[in-house]
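Notes follow once the structure below has been shown.
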Number of protein chains: 2
Amino acid sequence: MNTDRSVESPHFPQVGHDHARCQSWILQRAEVRCRQEGMRFIPQRREVLEILATSHRSLGAYDILERMQARARRPPPAAVYRSLEFLLGLGLIHRMAGRNTYFACTRSDHDQQIQFWICRHCGMVGETESPVVAGEWQRLSDSLGFRVSSVNVEIEGECITCRNP
Amino acid sequence: MNTDRSVESPHFPQVGHDHARCQSWILQRAEVRCRQEGMRFIPQRREVLEILATSHRSLGAYDILERMQARARRPPPAAVYRSLEFLLGLGLIHRMAGRNTYFACTRSDHDQQIQFWICRHCGMVGETESPVVAGEWQRLSDSLGFRVSSVNVEIEGECITCRNP
DNA sequence: CAAATATTGATACATTATATCGTTTCACTT
DNA sequence: AAGTGAAACGATATAATGTATCAATATTTG
Ligand SMILES: [Zn+2]
Ligand SMILES: [Zn+2]
Ligand SMILES: [Zn+2]
Ligand SMILES: [Zn+2]
């Protein structure tokens, strides 16, 4: 497997990038991680991840269903949700709560908490990890006496490509 | 109207606080803001806000429906969503995207972007505004070439009350 | 009052997600 | 190779959340 982290830079997907490289990186990592965790990367799960990996856009569960229908036969919704849950559990995909959509993670690891950047125009999703923000959550949670379990940050706007057409 | 901002401090709702004060503050502010904006604070909208203001917990649209049913007659779902949309538009309530719930805002104004702190145990919601985080979003968006339209931050965990039972 | 506007109620429907359960497949052992 | 138990699947139904439409009613404006 390609172990360098250059897939992570730049952080927001650019127009001309070599996306075939992203795709193979995403799928190879999934295989490795499944093996490490003793989980099975079986065809239905793989197919869901392949569909998400076709772009850096996020897709709804029923969008994925339709694409599976176009490839073979349409599975029941629960099948897609089962695969999504599996992939979420391994950290291979993320869920955008504000849009009820899912997308393939392109970061090699999440050392820090993550932030999602979603372009309203093209639907692309970028990921960042900010130590400054992580430190500020720490400071605030201390001051509130709050024990943090999970943090979800979704930033919507317009990406650099869509701003310069 | 009570114009001091002491309702905002502390930022996470405490057990023994004078919640009747919160309630009247929320409703009086709604009246003032509606008048300022030339909007009508009619009974159905008021009822939805009253229901949300009964606690600092967030409620789903159908929870609100049930409480309206208990008070008078059950309106159709769209009626509740219409009132919620109105209140969201005036910034009098917020929506938790991760939970599909709504709660009454208790900050006098949102100068900065806001963060939501949700206790998984008791369901209470607190609000903070961090200039440090706002600055970091600015720095990151500059570096990504991203024009930000909206930011949603939802932090889940356990509040100080639920940690010390 | 009359016309224009805003709001409501009623009905139907769309979208997203989960529950249940019997069957099949897979990995592993004997 | 056959047996065994766990994991995954398909099929079906249903829950939960959110919208669309449109005629009827209420409110504001002139
Ligand atoms: Zn790519
Ligand atoms: Zn874009
Ligand atoms: Zn209160
Ligand atoms: Zn709590």
Side-chain angles (χ1 to χ4, degrees), chain A residues 30-31 33-52 57-69 71-90 92-103 118 123 152 154, chain B residues 30-31 34-49 51-52 57-69 71-90 92-103 118 123 152 154:
Chain A
E31 280 172 10
R33 187 161 300 175
C34 283
R35 204 174 316 130
Q36 284 171 345
E37 304 286 332
M39 311 300 274
R40 299 164 55 195
F41 195 45
I42 44 192
Q44 206 166 68
R45 292 169 178 170
R46 184 185 185 92
E47 193 179 1
V48 168
L49 185 60
E50 279 175 0
I51 287 168
L52 289 175
R57 293 183 173 82
S58 71
L59 296 176
Y62 283 77
D63 295 332
I64 296 170
L65 258 173
E66 282 169 21
R67 283 163 215 231
M68 292 176 84
Q69 181 170 28
R71 288 177 166 211
R73 199 187 281 94
R74 181 187 182 88
V80 173
Y81 283 103
R82 280 192 283 236
S83 295
L84 289 172
E85 190 179 7
F86 173 84
L87 296 167
L88 285 168
L90 287 185
L92 299 168
I93 65 173
H94 301 296
R95 177 173 193 272
M96 316 268 348
R99 303 184 148 219
N100 302 316
T101 56
Y102 307 83
F103 72 97
I118 309 105
N152 183 44
E154 299 176 15
Chain B
E31 279 172 11
C34 284
R35 204 175 314 130
Q36 283 171 345
E37 305 287 332
M39 311 300 275
R40 297 165 57 196
F41 194 47
I42 45 192
Q44 206 166 68
R45 293 168 178 170
R46 185 186 184 91
E47 194 180 1
V48 168
L49 185 60
I51 287 168
L52 289 175
R57 296 184 170 81
S58 72
L59 296 177
Y62 284 76
D63 294 332
I64 296 169
L65 258 174
E66 281 169 21
R67 284 165 214 230
M68 291 175 84
Q69 182 170 27
R71 288 178 165 211
R73 200 187 278 95
R74 182 187 182 89
V80 172
Y81 283 103
R82 279 192 284 237
S83 296
L84 289 172
E85 190 179 7
F86 173 85
L87 296 167
L88 285 168
L90 287 186
L92 299 168
I93 65 173
H94 300 297
R95 178 173 194 273
M96 316 267 349
R99 304 183 147 218
N100 302 316
T101 56
Y102 308 82
F103 71 96
I118 310 104
N152 183 42
E154 299 175 15

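Letters A, B, ... mirror the listed sequences (proteins, then strands); counts begin at 1.
- Rounded to whole angstrom, the span from the CZ atom of Arg40(A) across to the P atom of dG5(D) amounts to 17 Å.
- Per the geometry, CZ belonging to Phe41(A) stands 15 Å off P belonging to dA27(C), to the nearest Å.
- Following rounding to the nearest Å, Met39(B) (CE) and dT7(C) (C1') show an atom-to-atom distance of 12 Å.
- For Arg46(B) and dT7(C), the CZ to P distance is 17 Å, given to the nearest whole Å.
- Here the shortest heavy-atom pairing between Ala61(A) and Leu84(A) reads CB-CD1, 4.0 Å.
- Checked by atom type and distance alone, the side chain of Glu154(A) pairs as donor or acceptor with a backbone atom of Ala97(A) at under 3.5 Å.
- At its two ends the helix from dC1(C)-dG30(D) to dT30(C)-dA1(D) runs along axes set 30° apart, each axis drawn from five pairs and the angle rounded to 10°.
- Note on ring orientation: taking the six-membered ring where Trp is involved, the planes of Tyr81(B) and Tyr102(B) are perpendicular (angle over 60°, cut-offs 30° and 60°).
- In this structure, Leu52(A) and Arg57(A) have side chains that are not in contact, with every pair of non-hydrogen atoms separated by 4.5 Å or more.
- Applying the 4.0 Å criterion to OP1 and OP2 of dA8(D), one finds that Gln44(A) has every side-chain N and O outside that range.
- Of the inter-residue distances, the one linking Arg33(A) atom CZ with Phe41(A) atom CZ reads 11.5 Å to the nearest 0.5 angstrom.
- For Met68(A) against Val80(A), the heavy-atom pair with the smallest separation is SD-CG2, 3.8 Å.
- With rounding to the nearest 0.5 Å, the separation of CZ in Arg45(A) from CG in Leu92(A) is 11.0 Å.
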Carefully, step by step, assess Glu47(A) and Arg67(A) under the rule salt bridge (Lys or Arg N to Asp or Glu O under 4.0 Å). CA-CA 10 Å; Glu47(A) 193 179 1; Arg67(A) 283 163 215 231; over 6 Å; no
Indicate for each nucleotide in nucleotides 11-21 of chain D, in 5' to 3' sequence, whether protein heavy atoms under 4.0 Å reach the base (B), only the sugar-phosphate (S), or nothing (-). BB----BBBB-
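- As a whole-Å value, the separation of Leu65(A) CG from dT15(C) P is 13 Å.
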